[in-house]
Colleague: 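Structure provided below as structure tokens; questions to follow.
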Amino acid sequence: MSDDEGGGSLYVLTAVLLTPAQFPGFLGDDFPEACSLLGVAPNREGYGLVLGQDEEGARWTVVVDDVSLVAAAIASWDCGMEYDLSPDERTIVVSLAGWPVELSVAAPGVPEPHDPEQGADGTGRVPLAPPSAEAWGPVQRRLGADQIAREWADWRGRVATDGGAAAAAHPGLARALEEAAEYTRTPPPAGRVRSSFAGEGVRTLRVDGPGWSLVARTGEAAFVLLDEEPGEVLTVPREGDPDLPELLAALDGVAVRPA
């Protein structure tokens, strides 16, 4: 891939989507916040983030507006198929130094991955870097919720085993559920409530708010993570909250969905 913004060629390693319905949770509680972190406008179509190395081995994240191309590449890679992701130079919105995620792969035949000098991308900002695993805060809270969404069967099994009693009467949990319910009455910023396919008649919900994240499946349980409870996962079992199914259905009704 040739990158005019970065001043040379880019050896593509991976890519992620940045759309209202699908974006890396560590970037923000919602789509506008994620876009702001990267310095791009929160347009309706969204972007693709292409991660790679230049000829010197430096890490770069190239933001492109050809979402369909990036989505096709990701789908092909997920199926174990090769796909030559080479966005047209005209689709490049900005090139940012660094990677926002940790990658275990590197481009062959170039120096080891490293960040270019600060300011090399023309923004003057510190290069993008993966979030710390040693701290707890909004980023780690959202990452935890994303992990639960990916490993739903394991977490749902824990509810069947212990009933989720640890969440009983927690004030932070009550606040999160109240604020989530408010989203069904007053639309939040795009991406605060997202819904994805999880099987016939079932959706996975990811909902975020100030200081909390919720992950759930319609008709099942919900899990809540709080900034004030480092590393803790609070459970809302369906059997323990008669209002939960109605809340999840209402959230699904206002959620943005992948195209």
Side-chain angles (χ1 to χ4, degrees), residues 15-35 42-49 67-68 70-72 74-75 78-79 138-139 141-157 159 164 167 173 175-226 233-259:
V16 295
L17 291 176
L18 174 61
T19 70
Q22 188 174 354
F23 58 89
F26 57 82
L27 291 178
D29 280 333
D30 53 54
F31 177 65
E33 184 179 336
C35 289
N43 63 31
R44 177 181 296 183
E45 292 75 20
Y47 305 93
L49 307 182
V67 179
S68 297
V70 175
I74 293 172
D78 286 346
C79 293
V139 172
R141 176 246 303 164
R142 293 189 296 264
L143 285 172
D146 289 344
Q147 181 179 358
I148 292 172
R150 292 191 302 269
E151 302 171 359
W152 180 264
D154 291 341
W155 284 91
R156 188 64 182 89
V159 178
L173 174 64
R175 183 188 74 250
L177 294 177
E178 289 172 4
E179 293 180 3
E182 182 59 30
Y183 289 165
T184 68
R185 297 183 288 268
T186 304
R192 283 281 177 100
V193 186
R194 289 166 279 155
S195 174
S196 58
F197 178 77
E200 186 173 353
V202 181
R203 307 290 299 186
T204 294
L205 298 174
R206 274 288 288 108
V207 189
D208 293 292
W212 58 269
S213 291
L214 179 148
V215 57
R217 281 195 178 175
T218 53
E220 296 190 37
F223 299 96
V224 175
L225 294 85
L226 305 171
V233 179
L234 304 179
T235 306
V236 188
R238 178 179 179 178
E239 299 78 8
D241 188 339
D243 297 327
L244 182 63
E246 182 179 351
L247 172 61
L248 297 182
L251 287 168
D252 186 49
V254 300
V256 290
R257 303 185 176 203

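The first residue of the sequence shown is numbered 1, and numbering continues consecutively from there. What you see is a predicted model, and the numbers here were worked out from it, not measured in a lab.
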Colleague: So, does Thr218 use its side chain to make a donor-acceptor pair with the main chain of Arg203 at under 3.5 Å?
Modeller: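 Yes, because the side chain of Thr218 sits within donor-acceptor range (under 3.5 Å) of the backbone of Arg203.
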
Colleague: Do you know the tightest heavy-atom contact between Pro24 and Val16?
Modeller: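 Looking at all heavy atoms of both residues, the shortest contact is CG-CG2, 4.1 Å.
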
Colleague: Is the closest side-chain heavy-atom distance between Val207 and Trp212 below 4.5 Å?
Modeller: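 A side-chain contact under 4.5 Å exists here.
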
Colleague: Within a strict 4.5 Å, meaning less than it, do heavy atoms of the Leu225 and Ile148 side chains meet?
Modeller: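 Heavy-atom side-chain distance check passes, below 4.5 Å.
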
Colleague: Answer whether the closest heavy-atom distance between the side chains of Ser196 and Gln22 falls below 4.5 Å.
Modeller: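 Not in contact.
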
Colleague: Are the side chains of Phe31 and Leu18 in contact, using a 4.5 Å heavy-atom criterion?
Modeller: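 Heavy-atom side-chain distance check passes, below 4.5 Å.
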
Colleague: Are the side chains of Phe223 and Trp152 in touch, meaning some heavy atoms are under 4.5 Å apart?
Modeller: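 Touching, per the 4.5 Å side-chain cut-off.
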
Colleague: Is there a salt bridge (Lys or Arg N to Asp or Glu O under 4.0 Å) between Glu182 and Arg185? Walk through the geometry before answering.
Modeller: CA-CA 5 Å; Glu182 182 59 30; Arg185 297 183 288 268; 3.0 Å; yes

Colleague: If I take atom CZ from residue Arg175 and atom CD from residue Glu178, how far apart are they, to the nearest 0.5 angstrom?
Modeller: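 Here the rounded value is 9.5 Å.
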
Colleague: Run the side chain to side chain contact (heavy atoms under 4.5 Å, CB included) test on Phe23 and Cys35 for me, step by step, so that the C-alpha distance in whole Å, both residues' side-chain angles and the decisive distance to 0.1 Å come before the verdict.
Modeller: CA-CA 10 Å; Phe23 58 89; Cys35 289; over 6 Å; no

Colleague: Identify the two heavy atoms, one from Val193 and one from Pro188, that lie closest to each other, and give their separation to 0.1 Å.
Modeller: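 Taking every non-hydrogen atom into account, CG2-CG, 4.1 Å.
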
Colleague: Which pair of heavy atoms, one from Ala198 and one from Thr204, lies closest together, and at what distance?
Modeller: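 Nearest pair, atom of Ala198 first, then Thr204: CB-OG1, 3.3 Å.
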
Colleague: Given Asp29, which partner from the list Arg206, Arg194, Arg142 fulfils the salt bridge (charged side-chain N to carboxylate O under 4.0 Å, His left out) test?
Modeller: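 Only one of Arg206, Arg194, Arg142 forms a salt bridge (charged side-chain N to carboxylate O under 4.0 Å, His left out) with Asp29, namely Arg142.
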
Colleague: What is the minimum heavy-atom distance between Leu226 and Ala176, and which atoms define it?
Modeller: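 Smallest heavy-atom distance, with atoms named: CD2-CB, 4.4 Å.
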
Colleague: Taking the side chain as C-beta and beyond, is there a heavy-atom pair between Trp155 and Val233 under 4.5 Å?
Modeller: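 Result yes, sub-4.5 Å side-chain heavy-atom pair found.
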
Colleague: Taking side-chain contact (heavy atoms from CB on, under 4.5 Å) as the criterion, tell me which of Arg141, Glu33, Glu179 meets it with Asp208.
Modeller: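 Between Asp208 and the candidates, side-chain contact (heavy atoms from CB on, under 4.5 Å) is satisfied uniquely by Arg141.
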
Colleague: Which atoms form the tightest heavy-atom contact between Ala145 and Ser213, and what is the distance?
Modeller: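 So the two residues come closest at CB-CB, 3.8 Å.
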
Colleague: At their closest point, which heavy atom of Asp30 faces which heavy atom of Pro189, and how far apart are they?
Modeller: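 Here Asp30 and Pro189 meet closest at OD2-CB, 3.6 Å.
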
Colleague: Take atom CD of Glu246 as the centre, draw a 6.0 Å sphere, and report whether it contains more than 12 heavy atoms from other residues, nucleotides or ligands.
Modeller: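 For Glu246, atom CD is not crowded (no more than 12 foreign heavy atoms under 6.0 Å).
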
Colleague: List the atom pairs, with distances to 0.1 Å, where a side-chain N or O of residues 248-259 and a protein N or O form a donor-acceptor pair under 3.5 Å, not counting sequence neighbours.
Modeller:
unit_1, atom_1, unit_2, atom_2, d
Asp252, OD1, Ser195, OG, 2.6
Asp252, OD1, Arg257, NH2, 3.1
Asp252, OD2, Arg257, NH2, 2.8

